[in-house]
Amino acid sequence: MAIYSAPFALHHNNLCLQNPPIIRLNLRSSSHHHHRFSTITKYVNFSKAKSTNQTISSSVQQDELMLTNIATVLHSMDLTNPDQCVQSYSLILRNCRKLHNLQLGSQIHGHMIVSGVELCEFLGSQLLEFYCKVGCIDNTRKLFDEMPERNVFSWTSVIGLYCELGDYNETINLFYLMIDEGVRPDHFVFPKVFKACAQLKNYQAGKDVYDYMMTIGFEGNNCVKRAFLDMFIKCGRMDIARRLFEQMNSNDIIMWNMMVSGYVLKRDFKRALRYVDQMRLKGVNPDRVTFNTILSGYAQEGQLKEAAKYFSELRGFGGLEPNIVSWTALITGNIQNGYPYKALNLFKKMVTKGLKPNSTTISSVLSTCTNLSLQKYGKEIQAYCIKSEELDSNIFVGNSLITFYSKSRNLNDTTRKHFNRLQQKDLVSWNSILSMSATKGSRDDVIKFLNDMELQGVSPDIITWNGIITGFTQYGDGKTALEFFTKTCHRGLSLNTTTISGALSACAQTKDLKFGKKIHNYVIKNQIETVSGVGSALIAMYSQCNNLESAFKVFNGLSRKDVTIYNTLISASGKIGFGVGAFDLLREMVLRKDLKPDSVTMISVLSVCSKLAALRQGKEIHVSIIRHGLESSNFVCNALIDMNRPSSLRLFPSSPRHHRCSKKVSIPDSPCHCLITATDKLCDSRFGCKLYDSYYRL
DNA sequence: CTAGGGTTAG
């Protein structure tokens with residue numbers, strides 16, 4: 001029967017039953033595997049922050065013990081007793097599963113074939129479960145398709161594997177195939193299917209499964225209940241989740257927390273907090289997760305005061321110390337809402353308190369270091385990570401470090417060294433190093449890394465190519481960017497708006513109107529969304545190729561125009577010297593009720609003014625800047641100064657930009673403050689005031 | 001007959 005065939009070539013001669021040396025071979029090959037395995041385990045356990053060095057070494061001991069057990073059982077097996085064989089193989093396979101050792105398990109599979117044991121329904125499902133748990137989809141599928149009897153265990157294993165791999169559509173498909181085959185689903189399989197629907201945010205699919213469950217009168221346990229509750233929440237149906245949850249009258253803290261998190265996700269803090277009160281009334285005490293859920297919601301929303309309140313409420317109400325999740329939520333909240341230095345201080349405070357940052361914390365903090373160019377601080381963090389085995393081998397940490405080094409100046413070699421010493425590399429790692437190499441203009445490196453990644457079995461995706469294209473354009477090598485764009489097209493990947501706008505920028509840079517037109521045709525033919533990115537890239541391309549007329553044509557042809565589109569055409573008109581056009585566009589924009597000029601608009605128009613020495617219009621625009629509340633932007637101030645430069649130069653023959661100063665002053669909320677900040681920190685108060693006077697005298 | 005799993009917080 002086909003099921004007895006090994007799914008791949010096995011070293012049968014190595015698996016001779018009477019020959020003890022084989023087991024040595026098995027052991028050796030497994031301990032060889034061991035290194036790889038232990039890093040995977042560490043990676044998996046990482047987020048749970050459980051694995052200390054101690055548990056790792058004890059798990060190594062446990063593994064050794066299991067291997068020895070396998071060897072013993074294999075040798076003491078009585079091949080004349082089929083029942084005993086089934087028992088033994090079942091035990092061995094369970095251990096192989098725990099060891100997560102594909103090679104060992106495959107050899108056992110071979111052993112089973114050679115021994116001639118009948119691969120009954122039970123043993124078949126055991127073997128299948130093994131292949132599923134090690135994530136070996138090919139062997140799983142082959143075995144599963146050939147199995148004559150597929151019980152609920154086998155179906156659940158395979159469905160679980162597809163769910164684990166993220167193929168949620170197939171997860172749902174298989175569920176219905178199972179039903180069609182007459183197998184009744186149980187409380188092990190429902191959670192997986194609900195999870196698939198939840199991940200897909202496919203309400204209809206989820207409701208169908210739920211309705212089916214009701215039709216067959218299935219009484220779900222807590223796991224099942226949590227799963228479909230989660231599904232309705234993830235699909236945004238709090239109304240249904242709420243109705244079902246209240247019907248359940250449950251005192252399960254996890255379900256309560258799920259409801260709270262559902263409302264927090266919708267930013268409905270009022271309802272979320274009402275649930276916290278209700279759970280207290282029910283005698284279910286809110287735990288750390290409850291508080292962290294609310295804390296993180298407020299932090300993400302930028303309501304940092306409220307977030308801090310719940311941070312302290314943990315202790316006050318809950319009698320709990322904030323844990324790493326609480327701290328990290330607060331830190332990332334500060335980062336994402338424009339307080340990076342506050343975030344760094346929190347990080348320091350956290351470390352001082354003796355809390356150990358984990359990969360999420362480190363990634364957030366490193367991204368701040370990258371954005372603020374805090375080279376020294378970032379390096380300190382790496383030094384910290386190297387000391388910790390878990391952090392050092394963590395792929396998220398590794399990837400944040402690639403970004404950090406590649407955005408730092410003069411650290412190209414450091415980046416490469418760091419990249420080479422990474423134990424694990426994923427697509428993100430390769431994409432980062434490739435994007436960096438392109439940004440630095442190293443065509444050779446890009447080719448080398450592309451080659452290396454393919455050799456290591458990672459194929460570039462559209463993000464890889466986008467990074468390369470925009471990288472070279474940023475570097476100023478539009479020609480090479482277009483060369484890689486052509487390569488991307490040959491790959492047959494579907495291009496997205498980033499690819500198109502990147503390529504159009506490259507055309508603009510090289511003034512390659514012909515290529516640009518070709519891309520424009522592609523955009524029209526494939527009906528690519530022209531809002532924002534692509535639309536403005538087209539306008540910029542045509543105008544930089546000295547074809548302002550086509551730029552206006554594109555602009556007029558756009559069904560929806562946003563601020564960016566207007567800004568691009570205003571700036572393009574200004575650059576070409578078509579000042580009237582720029583002013584008209586601004587007027588048109590102000591008249592539209594759905595659009596508001598932003599600081600970029602103002603900068604573009606002001607640069608037109610300074611180019612045309614149109615001081616009167618410039619002053620009108622200054623009024624408009626104040627009216628729109630944009631005067632606090634440093635960039636706008638710079639543009640205002642630029643506009644007045646000819647006059648300031650007349651008044652101050654020693655150019656303000658070269659003025660050395662000894663004292664820093666700042667007069668908040670005054671134009672003077674803006675001017676001081678803007679002119680490269682011209683910080684002499686006397687000078688600042690003169691500048692201030694001069695501006696208003698104009 | 002034996003066997004299997006999952007959820008809320010960054």
Side-chain angles (χ1 to χ4, degrees), chain A residues 47-49 83-84 86-91 93-94 97-98 120-130 132-133 151-161 163-164 185-195 198 220-231 233-234 241 245 250 252-265 272 275-276 279 284 286-300 307 310-311 314 318 320 322-336 343 346-347 350 355 357-365 396:
Chain A
S47 57
K48 292 168 189 164
D83 278 355
Q84 196 232 354
V86 170
Q87 289 295 322
S88 304
Y89 278 128
S90 155
L91 187 72
L93 282 170
R94 206 161 47 234
R97 204 173 65 219
K98 282 180 193 156
C120 57
E121 190 184 311
F122 175 57
L123 220 43
S125 64
Q126 288 288 307
L127 189 59
L128 190 72
E129 172 73 356
F130 164 75
C132 287
K133 282 290 125 68
N151 59 19
V152 70
F153 293 101
S154 304
W155 279 102
T156 310
S157 300
V158 178
I159 289 172
L161 175 61
C163 191
E164 185 68 26
D186 63 7
H187 54 266
F188 288 100
V189 75
F190 273 118
K192 297 177 206 294
V193 189
F194 282 128
K195 187 190 168 181
N221 61 4
N222 255 3
C223 293
V224 178
K225 283 175 185 158
R226 286 170 189 169
F228 67 69
L229 212 57
D230 180 55
M231 182 273 295
I233 292 170
K234 292 253 165 72
F245 177 68
S250 169
D252 178 68
I253 179 99
I254 292 176
M255 278 193 239
W256 279 95
N257 284 343
M258 285 167 76
M259 293 304 290
V260 173
S261 120
Y263 283 118
V264 167
L265 225 61
Y275 260 97
V276 178
M279 67 197 276
V284 181
D287 63 359
R288 204 181 263 136
V289 177
T290 323
F291 287 108
N292 282 345
T293 306
I294 295 165
L295 189 168
S296 89
Y298 277 127
Q300 279 170 28
Y310 283 91
F311 188 82
L314 263 167
L320 298 156
N323 66 356
I324 187 70
V325 178
S326 332
W327 283 94
T328 310
L330 217 52
I331 289 170
T332 43
N334 275 286
I335 291 171
Q336 277 157 14
L346 277 166
F347 176 71
M350 183 192 88
L355 264 110
N358 61 23
S359 62
T360 317
T361 329
I362 295 285
S363 304
S364 302
V365 175
F396 296 107

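Chain letters run A, B, ... following the sequence lines, proteins first, then strands; residues in each count from 1. The figures here come from the full heavy-atom set of this structure, side chains too, leaving out hydrogens, waters and symmetry mates.
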* To do: Would you check if A:F153 stacks with the base of B:dG4, given a 5.5 Å centroid limit and a 30° plane limit, both strict?
  => no

* From B:dA9, B:dG10, B:dG5, nucleotide with atom closest to A:T328 side chain -> B:dG10

* Asked: Can you tell me if CD on A:E121 sees more than 12 non-hydrogen neighbours from other groups inside 6.0 Å?
  -> yes

* To do: Check the distance between B:dG4's P and A:L128's CG and give it to me in whole angstrom.
  => 14 Å

* Asked: Contact class for A:D83 vs. all strands (heavy atom < 4.0 Å): base, sugar-phosphate, or nothing?
  -> nothing

* At what distance, to the nearest 0.5 angstrom, does CD of A:E164 lie from NZ of A:K192? -> 8.5 Å

* **Atom-to-atom span, CZ of A:F188 to C1' of B:dA3 - whole angstrom** => 9 Å

* **Aromatic ring of A:F122 stacked on base six-ring of B:dT2, 5.5 Å, 30°** => yes

* Structure fact -> With the side chain defined as heavy atoms from C-beta on, A:N221 is closest, among B:dG5, B:dA3, B:dG10, to B:dG5

* Asked: Which nucleotide, B:dT8, B:dG4, B:dG10, lies nearest any side-chain atom of A:V325?
  -> B:dG10

* What's the spacing between A:K133 NZ and A:L93 CG if we round to 0.5 Å? -> 13.0 Å

* Given B:dG5, B:dT2, B:dG10, the nucleotide with the shortest approach to the side chain of A:Q300 -> B:dG10

* To do: Using atom types as modelled and distance alone, determine if a side-chain donor or acceptor of A:D83 lies under 3.5 Å from a backbone N or O of A:V86.
  => no

* Structure fact -> Between OH of A:Y298 and P of B:dA9 the distance, given in whole Å, is 17 Å

* Specify the separation, in whole Å, of atom CD1 of A:I159 and atom P of B:dA3. => 21 Å

* Distance, rounded to the nearest Å, where A:Q87 contributes CD and B:dA3 contributes C1' -> 11 Å

* When the distance from CD1 of A:I362 to P of B:dG10 is rounded to whole Å, what number comes out? -> 18 Å

* Among the candidates B:dG5, B:dG4, B:dA3, find the nucleotide nearest to the side-chain atoms of A:Q126. => B:dA3

* Just checking A:T361: base, sugar-phosphate only, or nothing, at a heavy-atom cut-off of under 4.0 Å? -> base

* Asked: Could one point to a donor on the side chain of A:N323 or the base of B:dA9 with an acceptor on the other under 3.5 Å away?
  -> yes

* Asked: Taking CE from A:M259 and P from B:dA9, how many angstroms apart are they, rounded to a whole number?
  -> 14 Å

* Asked: Among B:dG10, B:dT8, B:dG4, which nucleotide sits nearest the side chain of A:E129?
  -> B:dG4

* For residues A:F311 and A:W327, establish whether the separation of their ring centroids is below 6.0 Å. => yes

* Asked: What nucleic acid atoms does A:N222 come within less than 4.0 Å of, heavy atoms only: base, sugar-phosphate, or nothing?
  -> nothing

* To do: State whether A:T293 places a side-chain N or O below 4.0 Å from either non-bridging phosphate oxygen (OP1 or OP2) of B:dT8.
  => no

* Reckon A:K234 has a side-chain N or O less than 4.0 Å from the OP1 or OP2 of B:dT8? -> yes

* Contacts of A:W256 that satisfy ring pair (Phe, Tyr, Trp, His ring centres under 6.0 Å) - sequence neighbours left out -> A:F245, A:Y275

* **A:S296 side-chain N/O to B:dG10 phosphate OP1/OP2 under 4.0 Å** => yes

* Would you classify A:D287 as touching base, sugar-phosphate or nothing, given that sugar-phosphate means primed atoms plus P, OP1 and OP2, and contacts are heavy atoms under 4.0 Å? => nothing

* Whole-Å distance separating the OH atom of A:Y275 from the P atom of B:dT8 -> 18 Å

* Side chain of A:R97 - closest among B:dT8, B:dG4, B:dA3 -> B:dG4

* Between A:K133 and B:dG5, is there a side-chain N or O to OP1/OP2 distance below 4.0 Å? -> yes

* Asked: Can you name the residues that form a ring pair (Phe, Tyr, Trp, His ring centres under 6.0 Å) with A:F188, not counting sequence neighbours?
  -> none

* Checking all strands, does A:T156 fall into the base, sugar-phosphate, or nothing category for heavy-atom contacts under 4.0 angstrom? -> base

